Trainee: 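The structure follows.
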Protein chains: 2
Amino acid sequence: MLNPVSRVRRFNRAVTSAVGALDTSFLGRGRPLGAARVLNAIGHGRSDVAEIRDYLGLDSGLMSRLLRSLEDEGLVETTAQADDARRRVAKLTRAGRREFAAYEALSNAQAEGFLAQHSQADALLAAMDLIASALTRERVTLDEMDPQSEEARHCLREYYAELGRRFKQGFDVSLSRDPDAKDMRRPRGTFIVAMSDTLPIGCVGLKGTDHGYAEIKRLWVAPAARGLRLGRRLMDATEAAARELGITLLRLDTNSALPEAGQLYRTTGWSEIPRFNDDPYPDLFFEKRL
Amino acid sequence: MLNPVSRVRRFNRAVTSAVGALDTSFLGRGRPLGAARVLNAIGHGRSDVAEIRDYLGLDSGLMSRLLRSLEDEGLVETTAQADDARRRVAKLTRAGRREFAAYEALSNAQAEGFLAQHSQADALLAAMDLIASALTRERVTLDEMDPQSEEARHCLREYYAELGRRFKQGFDVSLSRDPDAKDMRRPRGTFIVAMSDTLPIGCVGLKGTDHGYAEIKRLWVAPAARGLRLGRRLMDATEAAARELGITLLRLDTNSALPEAGQLYRTTGWSEIPRFNDDPYPDLFFEKRL
DNA sequence: CGAGATATCTGACTAAAGTCAGATATATGC
DNA sequence: GCATATATCTGACTTTAGTCAGATATCTCG
C-alpha cells in the first residue's frame, strides 16, 4: 500500500467517493444534473449555445432539450444571435439569476464547511492547488495581459516573495531594476500570464529596450504548478511574441540561487554571456539570438 | 479567485472533470459501471451480499440483478451462507478472478500513467496523501496491531526519520531507550496504528513497565494527516486501553523541539514532572493518573 | 441566386440506474 | 409450532442520459 501507484489509487478512491459530497452543489434543488450544469454554465457567463454544448460535451439534441426545460421553468431565455440568426444565445431571467445564486451559495457554503473541518487549511489548500494544476495542466492557457492587471500583480507579488525566501540576502524590489510596465506592453514588449482555470499560476515579461535587444524578466511558476514544464511553455510563448515584434536578440539575467532557471536556459538554446547590467541581484547572464 | 473558498471550488471542478479520467478503470471492459463495481467489490474481498450492497449504496433489487448478470457471465458464484441460509455469499470464479485482475491492471496502469506525466511526483503524491486523508478523516480507524507488523514498522521508520530532521543533533535510535516490542503487546501494553483506508498514518505505543506505571511511546502522526486531531484520538484510545489493562498511572517523555506534542499533553490533563529516566533525547516529562 | 455548409430542433429510440411492491425462503423468539 | 422479522429475488415501472437520423432555418461563397 505504500508504493506510488497505491497512493494514487487511494487518492482516486477517496476523491471518487467524496466527489458527491465535494460538489453536491448541482444537486438538492430538484433538478437533474444535466439541466443544473447548463444553468450554471450560463450563470458563469457562457451564453453562446454552441459554446456551452462544447464545454459540457453534450449532444446537440440533448442540449436543445435541456435548454427547453430551463425555458419552461422560466429560468432562461434564448434569442437568436444578432449577426448569425442560426446561432442562439441564452440568458438567465431574473428567476434564473436567483436560482443560480442559490447554487453558488450552496457551493460556497460547502467549500467553507470543508475548510472549517480542518485546522491546517493552508497546507490543505496548497495541496489542492497543486493537484488541480496537475489535473488541468493541458488546459492551462497562456494569455497576454497588461503587466498592471490584477493577475499580473498577483504573480509579481508571489515572485518577489519567493526571491525573498530564496536569496540569502533577501530581496528588495526597490533595489532591483524593476522594469517599467510600459516597456512590457506591445509593441515594445509583452507580459504573459499562465492561467489554470481562473487562477494565475505563472508569468513572464518581455521588456523592450533601446539597446538592440529585448530582455526576458520575471519568469515565475507557482509552486503548485512546478513539474508541468510550464516554464518552458512560457519561454516558448515569449520567444514567439518577440519574433512577431521583430526582435532578433534576447537577453536575461538570473541568479545561481535559482538553479532550475539556469538549467532551463542552458537546455533551450541560451548561451551564457558576461554581465550586461549593474543590477545587484543577478549573477548569471544569458542571451539568445532568434 | 484567490480566496480559500474559490481555491476549494477550483479543486472540486478540476477533480470532478478529471474523475472520469482518474478512474476509468471501471470502464473499457464492456460492462456497465454498476456490474463492474460489484465485481471489484467482490475481488477486493467483500463477499457478503448485504455488505456489498451497503458499501455501494445499492437497492436490494438492483443488487440482485447486477449479481445475476455477473453470474450469467460466469464471473461470480453465489452460495447460501453456512449459518444463515437467507444470506448469500458471492465468490469470484476462475474467470472472475481473471477479469478482476484485468481491472486491477487497468487501474494500476492508469495511476502509473498519471504519475509518469509529472516530473515532481513526490510533491504530487504528498499532496494526494494529504487530501485523501482529509477526505476520509471520519473513516480513519485505530487498530491495535503488533509493534512488529509491517504497518507499525512503517510508522516507526517515518517517526525516527522525522526526529532526525527536527532534533538539532539528529536522532539515533540505538542511543535512545528503544522499547522492547514485547512490552507493547497485551497484556503488558499495546500498540495502536491509525489506518486511513489501507495507509498507516499514525501510531502510538503503550509500554508496560515493572515500576508501577506504563509509558506512552512513539506517538506519531503522518504529515499528510496533521490537523485532523488524530494525535488526540490516538492518545484517547491509548488511555482507554490502559484503563482496560488496569493501569492507573501513565508517564511519557518528549522534547521541546516538538512543541505540538507538548501542547497536546498540556491540554489533555497531563502534568509536567521531573526527569524519570536517563534517555539522552527527551527534555520534558509528563504524567497522568487515570 | 443557388449549392452546400452550419446551428439548432424534433422525433424515435436505447441503455443504465434506480424505485417500489410484493413473493419466497429462512431465521428467531415466545 | 407459529407469528414476526429478515435477506434476497422478481416484475413492473420511472427518470436520466445519451444517440441518431432527418427537418428547418440561416449563412457563405462562387
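Quick caveat: nothing in here was measured; it's all calculated off a predicted structure. Per chain, numbering begins at 1; letters A, B, ... match sequence-line order.
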Trainee: Can you work out whether Asp59(B) or Gly57(A) has the more 5'-proximal nearest nucleotide on DNA chain D?
Mentor: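 On the 5' side of the pair lies Asp59(B).
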Trainee: Nearest-Å distance, CZ (Arg68(B)) to C1' (dA17(C))?
Mentor: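 That distance rounds to 18 Å.
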Trainee: So, is Arg53(A) close to the dT8(C) phosphate, meaning a side-chain N or O under 4.0 Å from OP1 or OP2?
Mentor: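 Yes, within the criterion.
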Trainee: Just how far, in rounded Å, is C1' of dC20(D) from CG of Leu58(A)?
Mentor: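 It is 16 Å, rounded to the nearest whole Å.
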Trainee: How many whole angstroms separate atom CD of Glu51(B) from atom C1' of dA7(D)?
Mentor: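 Glu51(B) atom CD is separated from dA7(D) atom C1' by 15 Å.
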Trainee: At their closest point, which heavy atom of Ala194(B) faces which heavy atom of Leu234(B), and how far apart are they?
Mentor: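 Taking every non-hydrogen atom into account, CB-CD2, 4.2 Å.
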Trainee: Starting at CG of Leu33(B) and ending at P of dG18(D), how long is that distance when rounded to a whole Å?
Mentor: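 Distance check: Leu33(B) CG to dG18(D) P gives 13 Å.
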Trainee: Are any of the side-chain nitrogens in Glu244(A) or Arg186(A) under 4.0 Å away from the carboxylate oxygens of its partner?
Mentor: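 Salt bridge present between Glu244(A) and Arg186(A).
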Trainee: For a quick check, tell me whether the side chain of Arg65(B) and the base of dG18(C) share a donor-acceptor pair closer than 3.5 Å.
Mentor: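 Counting by modelled atom types and ignoring angles, no donor-acceptor contact under 3.5 Å is found here.
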Trainee: Atom CG of Leu62(B) and atom C1' of dA21(C): how far apart are they, to the nearest Å?
Mentor: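 My rounded result for the distance is 16 Å.
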Trainee: Could you point out which residue of Val76(A), Leu67(A), Leu66(A) forms a side chain to side chain contact (heavy atoms under 4.5 Å, CB included) with Leu39(A)?
Mentor: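 Only one of Val76(A), Leu67(A), Leu66(A) forms a side chain to side chain contact (heavy atoms under 4.5 Å, CB included) with Leu39(A), namely Val76(A).
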Trainee: Using whole Å, report how far CZ of Arg88(A) lies from C1' of dT6(C).
Mentor: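 It is 15 Å, rounded to the nearest whole Å.
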Trainee: As a quick check of understanding, evaluate side chain to side chain donor-acceptor pair (under 3.5 Å) for Ser69(A) and Asp72(A), giving each step before the final call.
Mentor: CA-CA 5 Å; Ser69(A) 83; Asp72(A) 292 349; over 6 Å; no
Trainee: Give me the distances for all protein-to-nucleotides 23-30 of chain C N/O pairs that come in under 3.5 Å?
Mentor:
{"residue": "dA27(C)", "atom": "OP1", "partner": "Ala85(B)", "partner atom": "N", "Å": "2.9"}
{"residue": "dA27(C)", "atom": "O4'", "partner": "Arg86(B)", "partner atom": "NE", "Å": "3.4"}

Trainee: Checking Glu77(A) against Thr93(A) for the side chain to side chain donor-acceptor pair (under 3.5 Å) test, could you report, in this order, the C-alpha distance in whole Å, the side-chain angles of both residues, the deciding distance, and whether it holds?
Mentor: CA-CA 6 Å; Glu77(A) 275 170 348; Thr93(A) 61; over 6 Å; no
Trainee: Using atom CG of Leu67(A) as one end and atom P of dA7(C) as the other, report the distance to the nearest whole Å.
Mentor: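 Interatomic distance, CG of Leu67(A) to P of dA7(C): 16 Å.
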Trainee: When you get a sec, tell me which of dG18(C), dA17(C), dC9(D) is the closest nucleotide to the side chain of Ser64(B)?
Mentor: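 Output: dC9(D).
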Trainee: Taking the basic N atoms (NZ, or NE/NH1/NH2) and the acidic carboxylate oxygens, is any pair closer than 4.0 Å for Glu104(A) and Arg9(B)?
Mentor: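 Answer for the salt bridge query: yes.
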Trainee: Starting at CG of Asp54(B) and ending at P of dA7(D), how long is that distance when rounded to a whole Å?
Mentor: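 Spelled out: CG on Asp54(B) to P on dA7(D) is 11 Å.
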Trainee: Establish, for the pair Arg185(A) and Phe191(A), whether the NZ or CZ atom is under 6.0 angstrom from the six-membered ring centre and no further than 45 degrees off its axis.
Mentor: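 Cation-pi check for Arg185(A) and Phe191(A): fails.
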